[in-house]
**Student:** 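One structure, as structure tokens, below. Some questions next.
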Amino acid sequence: MLQVNVLRNNPQWVKERLAVKHFKQLELVDEIIVLDDERKRIQSDYDNTQSKINTASKEIGKLMAQRKKDEAEELKNQVAGFKIQVNDYNALLIGNLKVLTDKIVLLPNLPSTLVPIGKTPEENVVTKQSEINIALPSNAKPHWDLIKQHDIVDFELGAKITGSGFPVYKGKGARLQRALIEYFLQFNTAAGYTEFIPPFMVNEASAFATGQLPDKEGQMYHATEDNFYLIPTAEVPVTNIYRDTILKETELPIKMTAYSPCFRREAGSFGKDVRGLNRVHQFEKIEIIQIVHPDKSYGVLDEMVAHVEKLVQSLELPYRILRLCGGDMSFASALTYDFEVYSAAQERWLEVSSVSNFENFQTNRMKCRFKDVNGKMQLAHSLNGSSLALPRIFAALIENNQTENGINIPKVLQPYFGADSI
RNA sequence: GGUGAGGUGGGUGAGUGGCUAAAACCAGUAGUUUGCUAAACUGCCGUACGGGUCAAACUGUACCGAGGGUUCGAAUCCCUCCCUCACCGCCA
């Protein structure tokens, strides 16, 4: 959530930034400022009247003690009048605040000046690309055929148990999945990230804090009986560890990592994008999250990108890094880098990681602050990235490493997998 | 699911209608003093939104799990909800 003061200080600039994200309702900016002016006025009236009541009440107490009943009664009558006013102001204030928050919550985060102008994924900027040197056998298959051939992932079975998009990993497939999880966590903790196993369902407040609500309500599975949401990413529960928290500056940066299954309804998706493991309703992901000093967040973003890059490199997968354009960025992000790996059999790039700096957009919603050296309260910055999402890594690994005789396992995974091939 | 207890500031924990933003202690912090790997003493030490100021000082309001209610006045009384703990039941 943006801070009202940011809008007040430079409404024109805010509108320009919002336009980069192709946000249409720019009039909201001015509306919010007007509402905030009103808010201050009403608040002031309310405070002043309430102050009169408080003063009178104390006076009444004294008069009662002095047994001056008549004077006390007279004051009570006055207070009754003030109370009517206070109630009116209060009603106005509540109404005002409701409209104000409803509107400000609609504003996406402002994109950083590094964000490329553009609307569609085609306008993302490739900042780095590795070589693509995959030699596939002549009878190379896409992963949805390979998994059947080797009987390592079963979609039909998942569809029977739950529904489409809930794959069942089996035998060596399950083992490879577990090896990846173990390896990724190991890689992250070795870099100083503390491991967490969070709840896989969150309440409304948590889903709101990281920006999933109200923006992506329909994308999450909702357990209505208890009003819990199945997490779409570990980012939600793990970032919320620091909701309503005041940190010491010396506690920053905070580095966390977590494995979790991720649940996404993916309403409206169709076509080749959803084939096989490319897009599913339940998948595994390891996330890295940092909470940092505002001055450091862009340096940390680079550091996290470098971290994920090393991890992808270690898997020996061709990859590229994209800086997302304004139109392709998420609601809460100020700057996002996506990682894609090349799937040789599908002849396409698959997104496997998204690393973002949210600046204080999430922390403002979450009230995650710290006291700086001058004793001033400041919002921290939050960042997160996938390190990594499993299904597409799984898909690219088996496609790119297929041979006439089976599937080779990359060296770094062999100790975790317990064999060098499938 | 049942029964009981309870939710107060970073922590422990007082406070049962006005003198309480809230004792005391611990932690933290600034300093004084002695000087020997530390102790003693003193000050400061909640958050949010306003006013005020270059910035402070200062000042108004709200907040003692959340939301309602009673009252001139509520941390304190009443109602609803949430959560935590203990025991029982059930269970991986």
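A, B, ... follow the sequence lines: proteins, then strands. Residue 1 opens every chain.
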**Student:** Would you kindly say whether A:His381 and A:Asp295 are connected by a side-chain donor-acceptor distance under 3.5 Å?
**Tutor:** no
**Student:** Who is the Watson-Crick or G-U wobble partner of B:G52, with both distances under 3.5 Å?
**Tutor:** none
**Student:** Compute the centroid of each ring, for A:Phe263 and then for A:Tyr229, and state whether the two points are separated by less than 6.0 Å.
**Tutor:** no
**Student:** How close or far is atom C1' of B:C49 from atom CD of A:Glu38, stated in whole angstroms?
**Tutor:** 16 Å
**Student:** If I take atom CD1 in residue A:Ile94 and atom C1' in nucleotide B:A62, what distance separates them, rounded to the nearest angstrom?
**Tutor:** 13 Å
**Student:** With both distances kept under 3.5 Å, what pairs with B:G4, Watson-Crick or G-U wobble?
**Tutor:** B:C85
**Student:** With a 4.0 Å cutoff (strictly under), does any side-chain N or O of A:Lys52 reach OP1 or OP2 of B:U61?
**Tutor:** no
**Student:** Whole angstrom is fine here: how far is it from CD in A:Gln50 over to C1' in B:G60?
**Tutor:** 11 Å
**Student:** Pick the P atom in B:A22 and in B:U61, then give their distance to the nearest Å.
**Tutor:** 13 Å
**Student:** What is the base-pairing partner of B:G10, counting Watson-Crick and G-U wobble geometry with both distances under 3.5 Å?
**Tutor:** B:C26
**Student:** Classify the nucleic acid contact of A:Lys371 as base, sugar-phosphate or nothing, counting any heavy atom under 4.0 Å across all strands shown.
**Tutor:** sugar-phosphate
**Student:** Would you check if A:Arg8 and A:Asp36 make a side-chain contact, meaning some heavy-atom pair closer than 4.5 Å?
**Tutor:** yes
**Student:** B:C79 and B:U84: how far apart are their P atoms, nearest whole angstrom?
**Tutor:** 23 Å
**Student:** With a 4.0 Å limit, can you tell me whether A:Arg369 has a side-chain N or O closer than that to the phosphate oxygens OP1/OP2 of B:U47?
**Tutor:** no
**Student:** Are the side chains of A:Ile117 and A:Val20 in contact, using a 4.5 Å heavy-atom criterion?
**Tutor:** yes
**Student:** Looking only at atom P, what distance separates B:G13 and B:G18, rounded to whole Å?
**Tutor:** 24 Å
**Student:** Who is the Watson-Crick or G-U wobble partner of B:A75, with both distances under 3.5 Å?
**Tutor:** none
**Student:** Hey, is the side chain of A:Asn203 poking within less than 4.0 Å of OP1 or OP2 on B:C82, counting only N and O atoms?
**Tutor:** no
**Student:** Name the orientation class of the two ring planes belonging to A:Phe166 and A:His281 (parallel below 30°, tilted from 30 to 60°, perpendicular beyond 60°).
**Tutor:** tilted
**Student:** Which of parallel (below 30°), tilted (30 to 60°) and perpendicular (above 60°) describes A:Tyr193 and A:His307?
**Tutor:** tilted
**Student:** Send over the distance from A:Tyr46 OH to B:A48 P, rounded to a whole Å.
**Tutor:** 19 Å
**Student:** Please give me the minimum heavy-atom distance between A:Met329 and A:Leu335, naming the atom from each residue.
**Tutor:** CE-N, 3.5 Å
**Student:** Which nucleotide, if any, forms a Watson-Crick or G-U wobble pair with B:C45, using both distances under 3.5 Å?
**Tutor:** none
**Student:** Taking the six-membered ring for Trp, are A:Tyr259 and A:Phe200 parallel (under 30°), tilted (30 to 60°) or perpendicular (over 60°)?
**Tutor:** perpendicular
**Student:** For every nucleotide of nucleotides 15-21 of chain B, 5' to 3': is a protein heavy atom under 4.0 Å from its base (B), only from its sugar-phosphate (S), or from neither (-)?
**Tutor:** ---B---
**Student:** With rounding to the closest Å, how many angstrom separate the P atoms on B:C85 and B:U32?
**Tutor:** 47 Å
**Student:** Report the distance from atom CG of A:Asn87 to atom P of B:C72, rounded to the nearest whole Å.
**Tutor:** 13 Å
**Student:** Nearest of B:U47, B:U61, B:C72 to any side-chain atom of A:Asp47?
**Tutor:** B:U61
**Student:** According to the Watson-Crick and G-U wobble definitions, with both distances under 3.5 Å, which nucleotide is paired to B:U80?
**Tutor:** B:A66
**Student:** Please confirm whether the shortest side-chain N or O distance from A:Ser51 to OP1 or OP2 of B:G60 is below 4.0 Å.
**Tutor:** no
**Student:** Please measure how far the P atom in B:A14 lies from the corresponding atom in B:A57, and state the result in whole Å.
**Tutor:** 34 Å
**Student:** Given atom NZ of A:Lys40 and atom P of B:G50, what is their separation to the nearest angstrom?
**Tutor:** 5 Å
**Student:** Rounded to whole angstroms, how far apart are CG on A:Asn48 and P on B:C49?
**Tutor:** 18 Å
**Student:** Distance check, P atoms only: B:A56 and B:G51, in whole angstrom units.
**Tutor:** 13 Å
**Student:** Please state how far atom CZ in A:Arg41 lies from atom C1' in B:G51, giving the value in whole angstrom units.
**Tutor:** 16 Å
**Student:** Could you tell me the Watson-Crick or G-U partner of B:C91, where both distances fall under 3.5 Å? Say none if there is no partner.
**Tutor:** none
**Student:** Within 45° of the axis and under 6.0 Å from the centre of the six-membered ring of A:Phe208, does NZ or CZ of A:Arg365 qualify?
**Tutor:** yes
**Student:** I want to check something: taking the side chain as every heavy atom from C-beta on, are A:Asn90 and A:Gln85 in contact at a cut-off of under 4.5 Å?
**Tutor:** no
**Student:** Start at the 5' end of RNA chain B and walk down; is the nucleotide closest to A:Asn5 or to A:Ile53 reached first?
**Tutor:** A:Asn5
**Student:** Need to verify one output field. Residue with the more 5' nearest nucleotide on RNA chain B, A:Ile246 or A:Lys83?
**Tutor:** A:Ile246
**Student:** I want to verify a distance call: between B:U47, B:C72, B:G50, whose nearest atom is closest to the A:Ser44 side chain?
**Tutor:** B:G50
**Student:** Paired with B:U32: which nucleotide, if any, by Watson-Crick or G-U wobble criteria at under 3.5 Å for both distances?
**Tutor:** B:A40
